[in-house]
There are 2 protein chains.
Amino acid sequence: MTPRTTPSVDEETPRVDGIERLAHTDLAAEPFFLAARLASTGSAGANRALAELGLKVRHYSVLALACSGEEPTQRELSQFLVLDPSQIVSIIDELEQRGAVERRTDPRDRRSKILAPTAAGRSLYGEAKALVARSTGDSLAELSAAERDELFRLLRKAAL
Amino acid sequence: MTPRTTPSVDEETPRVDGIERLAHTDLAAEPFFLAARLASTGSAGANRALAELGLKVRHYSVLALACSGEEPTQRELSQFLVLDPSQIVSIIDELEQRGAVERRTDPRDRRSKILAPTAAGRSLYGEAKALVARSTGDSLAELSAAERDELFRLLRKAAL
DNA sequence: TATTGTTATACTCTATAACTATA
DNA sequence: TATAGTTATAGAGTATAACAATA
């Protein structure tokens, strides 16, 4: 998310009791509810996977965009990740202290700062991406490959 | 998500500039990112829609389950909505003060409390549901009816 | 005058532990 | 001894306003 923040899910994603009974309610038929639940459990899983690298989803997201080659400004990151500009500041501060990214003033508009990865940052992103991919695979284990593709296509159309 | 909390999106969901450039990055191809973004914007829209009734998505979700006929306990609500039991307490407190729901001790286990709607609560839920449906329609405006159905089916399979 | 990034601050949401009443 | 709900509290995330530098 922006991955928007991250809600909380237990270690094993327990699929607890009451859930079966409530799965047939009207609420469980609301797309926004389902999207939120998937995002919730998905982000929680990704956060668990990223913990061994000392990263959270929000840092991973910023690092990924820094490594994208698009040379995003902080303002663009804020818009794309649906996070407040002030939040972007602190996320980048942490990545920068860690030596994963650096800020460069945009020559075309010296008010803006472009986020660029360091070599270490690129390497870190490579590791993190693999961990996230594994976590995502687990989260979508119920779906066939074709279903995953279709879900991806529809999510992309709806969310972007 | 539960409606998990709600991130922030601006009034008109502006589809701002940088988003086009970043839409082709690796991050934008991660399902968890897309799900989070959809949940984020969807919940924000639902919150805006519900504001005129003095409700937020979390209250709406609890009210919906109270009205479902399944007589959920607070523990079940906590599990289904992926919210801490203590959060359920305060959400129900607010709905109860408003006269929309009431707590009834479960006769089969007097430790548990079953959440039941009042007549006013049912009526409130009816209004709220219509507002949410309109907001959801707006959020998924990019999708055809068939695509919405398919997205719903896949989200349900993956999230529940 | 408007915008980018920054700082400080307040607010909301989330997580934890301790308590009670039941089991 | 264990579980449901409650309370209090601390922590993380989010939103707001004001400021410096640049446009």
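A note on names: the letters A, B, ... follow the listed sequences, proteins ahead of strands, and every chain is numbered from 1.
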Side-chain atoms of A/Lys113 come closest, of C/dT6, C/dA15, D/dT6, to C/dT6

Separation of atom CD in B/Gln74 from atom P in C/dT22, rounded to whole Å: 15 Å

Ring centroid separation for B/Tyr60 and A/Phe33, is it under 6.0 angstrom? no

Round to the nearest Å and state the distance from B/Arg110 atom CZ to C/dT22 atom P. 6 Å

Do A/Arg37 side-chain atoms and B/Leu81 backbone N/O form a donor-acceptor pair below 3.5 Å? no

Can you measure B/Gln79 atom CD to D/dT3 atom C1' for me and round it to whole angstrom units? 12 Å

Just compare C/dT4, D/dT6, C/dA15 and give me whichever is closest to any side-chain atom of B/Asp84. C/dA15

Expressed as a whole number of angstroms, how long is the span from B/Ile92:CD1 to D/dG5:C1'? 10 Å

By side chain to side chain donor-acceptor pair (under 3.5 Å) - contacts of A/Asp26 (at least two apart): B/Lys129

Could you tell me whether the phosphate oxygens of D/dG13, OP1 or OP2, come under 4.0 Å of any side-chain nitrogen or oxygen in A/Lys56? yes

For C/dT14, does OP1 or OP2 lie under 4.0 Å from any side-chain N or O of B/Arg58? yes

With a 3.5 Å distance limit and no angle check, can you tell me whether B/Asp106 reaches the backbone of B/Lys113 through a side-chain donor-acceptor pair? no

Nearest whole angstrom, please: distance from the P of D/dA12 to the CD of A/Glu94. 11 Å

Give the rounded distance in Å between these two atoms: CG of A/Asp93 and C1' of C/dG5. 11 Å

May I have the distance from B/Leu77 (atom CG) to D/dT6 (atom P), rounded to whole angstrom? 11 Å

Whole-Å distance between C/dT12 C1' and B/His59 NE2? 12 Å

Among A/Glu142, A/Glu150, A/Glu147, which residue satisfies the salt bridge (Lys or Arg N to Asp or Glu O under 4.0 Å) criterion with B/Lys157? A/Glu147

Would you tell me if any nitrogen or oxygen in the side chain of B/Gln87 comes within less than 4.0 Å of OP1 or OP2 on C/dT12? no

Between B/Arg111 and D/dA2, is there a side-chain N or O to OP1/OP2 distance below 4.0 Å? no

Categorize A/Asp109 for me: base, sugar-phosphate, or nothing, with a 4.0 angstrom heavy-atom threshold over every strand shown. sugar-phosphate

Look at all strands and tell whether A/Ser86 reaches a base, only sugar-phosphate, or nothing, counting heavy atoms closer than 4.0 Å. base

Heavy-atom nearest nucleotide on DNA chain D taken for A/Asp106 and for B/Ser112; more 5' hit belongs to B/Ser112

